[in-house]
Amino acid sequence: MKKILNAAALGLLLLAGQAATAKPVKRKAAAAAPAPGLWGNKITLSADGTAVLGNPAAAVKVTEFISFTCSHCADFNAEAHSELRGSMIRTGRVSVELRPFLRNDFDLVASLMVMCGSKEKYFGNSDAVLAAQKAWFKEPADPAYKARWTALDGDKLAQRKVIARDLGLFSIMQARGYTAAQLDTCLTDAAMAARLEAMTKTASETDKVLGTPSFKINGVLQEVYGWPELKPLINAAMSKRP
């Protein structure tokens, strides 16, 4: 993975342009069923510490590889939300794993914040960050940000805190109930940062993920990148596994 922000200009606007063109070129323990419809509130953790929403023993397991700076990921989240997070998951037949994929160093900052605190907050954090993507993933209005970020090139942990504040990510997360101290702790979580980088490497090298959003259904990578294309594949998988 590239190291974070090593020049004053930092290429933030270039990355924002990259986000608009990010579309790629081409576990079974029995779970007690909750009351009908409540699978949509069930969150467990995978072995890698990623969040899984829905029945952990669902017949159809969807893995979503997501970049928080990817405009197509924000579009997918908005388009799929009501059906994928709603009717499909609530039946107990489908689960969704949220798996961050780091395309750039701003993704690392955002992912550390999304995966901050209780696992019950991960999906809500993801929704909030993606919904506000156009507001935070752009060049800060204060031109002094370049000097602030460059001055911290030798202290990446402190640099993450400043970046998160300058981009407005702190405000988004504080509106979700986090304190500044909690967010600072998560942004300097070296173990989580290493885990996210390792997951991205595995996704690229082993799963052959080329870009975001990407999806696996029951462990098989799909060559589709949006909800209109993914939905019929999930429906087909459900029809094979009633």
Side-chain angles (χ1 to χ4, degrees), residues 1-22 48-50 65-71 73-74 98-118 121-122 124-204 211-212:
M1 302 303 298
K2 293 187 296 181
K3 298 300 179 184
I4 194 164
L5 310 172
N6 56 6
L10 304 166
L12 184 55
L13 290 179
L14 179 59
L15 280 173
Q18 177 190 19
T21 57
D48 288 329
T50 56
F65 297 92
I66 186 170
S67 155
F68 293 105
T69 63
C70 163
S71 62
C73 295
L98 186 67
R99 204 164 182 87
F101 185 93
L102 309 181
R103 298 185 311 122
N104 56 63
D105 296 303
F106 298 100
D107 273 331
L108 175 59
V109 173
S111 296
L112 287 169
M113 300 186 84
V114 165
M115 299 182 72
C116 184
S118 165
K121 286 198 166 189
Y122 289 1
N125 292 345
S126 173
D127 291 342
V129 169
L130 287 171
Q133 186 190 85
K134 290 181 180 178
W136 68 263
F137 189 52
K138 62 183 182 180
E139 188 170 16
D142 178 8
Y145 83 89
K146 296 178 182 179
R148 283 193 295 273
W149 295 5
T150 302
L152 292 171
D153 275 345
D155 187 349
K156 300 304 181 183
L157 301 185
Q159 191 181 58
R160 287 179 201 158
K161 298 177 187 179
V162 173
I163 290 169
R165 285 173 168 84
D166 282 346
L167 293 182
L169 285 167
F170 252 72
S171 298
I172 294 169
M173 298 298 287
Q174 285 178 314
R176 288 189 47 73
Y178 289 89
T179 66
Q182 286 175 312
L183 295 172
D184 282 339
T185 297
C186 290
L187 285 167
T188 55
D189 186 342
M192 178 60 80
R195 192 181 310 158
L196 289 166
E197 290 176 348
M199 285 194 297
T200 300
K201 182 177 181 181
T202 297
S204 296
T212 54

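Only a predicted model underlies this, so the values are computations on that prediction, with no experimental measurement involved.
- Using cut-offs of 30° and 60° for the angle between ring planes, the F101 and F65 rings count as perpendicular.
- Closest heavy-atom contact between S126 and L98: CB-CD2, 3.7 Å.
- L130 is listed as a side-chain neighbour of I66, based on a closest heavy-atom distance under 4.5 Å.
- The minimum heavy-atom distance between N125 and V114, with the atom names listed, is ND2-O, 2.8 Å.
- Closest approach of A180 to R165, counting heavy atoms only: CB-NH2, 4.1 Å.
- Residues that satisfy the side-chain hydrogen bond (donor to acceptor under 3.5 Å, both in side chains) test with Y122, not counting sequence neighbours, are absent from this structure.
- The closest side-chain heavy-atom distance from K146 to E139 is below 4.5 Å.
- N104 contributes a side-chain N or O that, together with a main-chain N or O of F106, makes up a donor-acceptor pair within less than 3.5 Å.
- The nearest pair of heavy atoms linking T212 to C73 is CB-SG, 3.6 Å.
- Within the 4.5 Å cutoff, the side chain of R160 has heavy atoms near those of the L108 side chain.
- Heavy atoms only, all atoms of each residue included: D107 and T69 are closest at OD1-N, 3.0 Å.
- In this structure, CG in D166 is found 14.0 Å from NZ in K161, a value given to the nearest 0.5 Å.
- Between L167 and Y145, every side-chain heavy-atom pair lies at or beyond the 4.5 Å cut-off.
- Looking at every heavy atom in both residues, C70 comes nearest to Q133 through O-NE2, 3.0 Å.
- Partners of R195 according to the side-chain hydrogen bond (donor to acceptor under 3.5 Å, both in side chains) rule, which considers only residues two or more places apart in sequence or in another chain, do not exist here.
- The closest donor-acceptor contact from the side chain of S67 to the backbone of R103 lies at 3.5 Å or more, if one exists at all.
- Using a distance-only test at 3.5 Å, with no hydrogens or angles considered, no donor-acceptor pair links the side chain of K121 to the main chain of G177.
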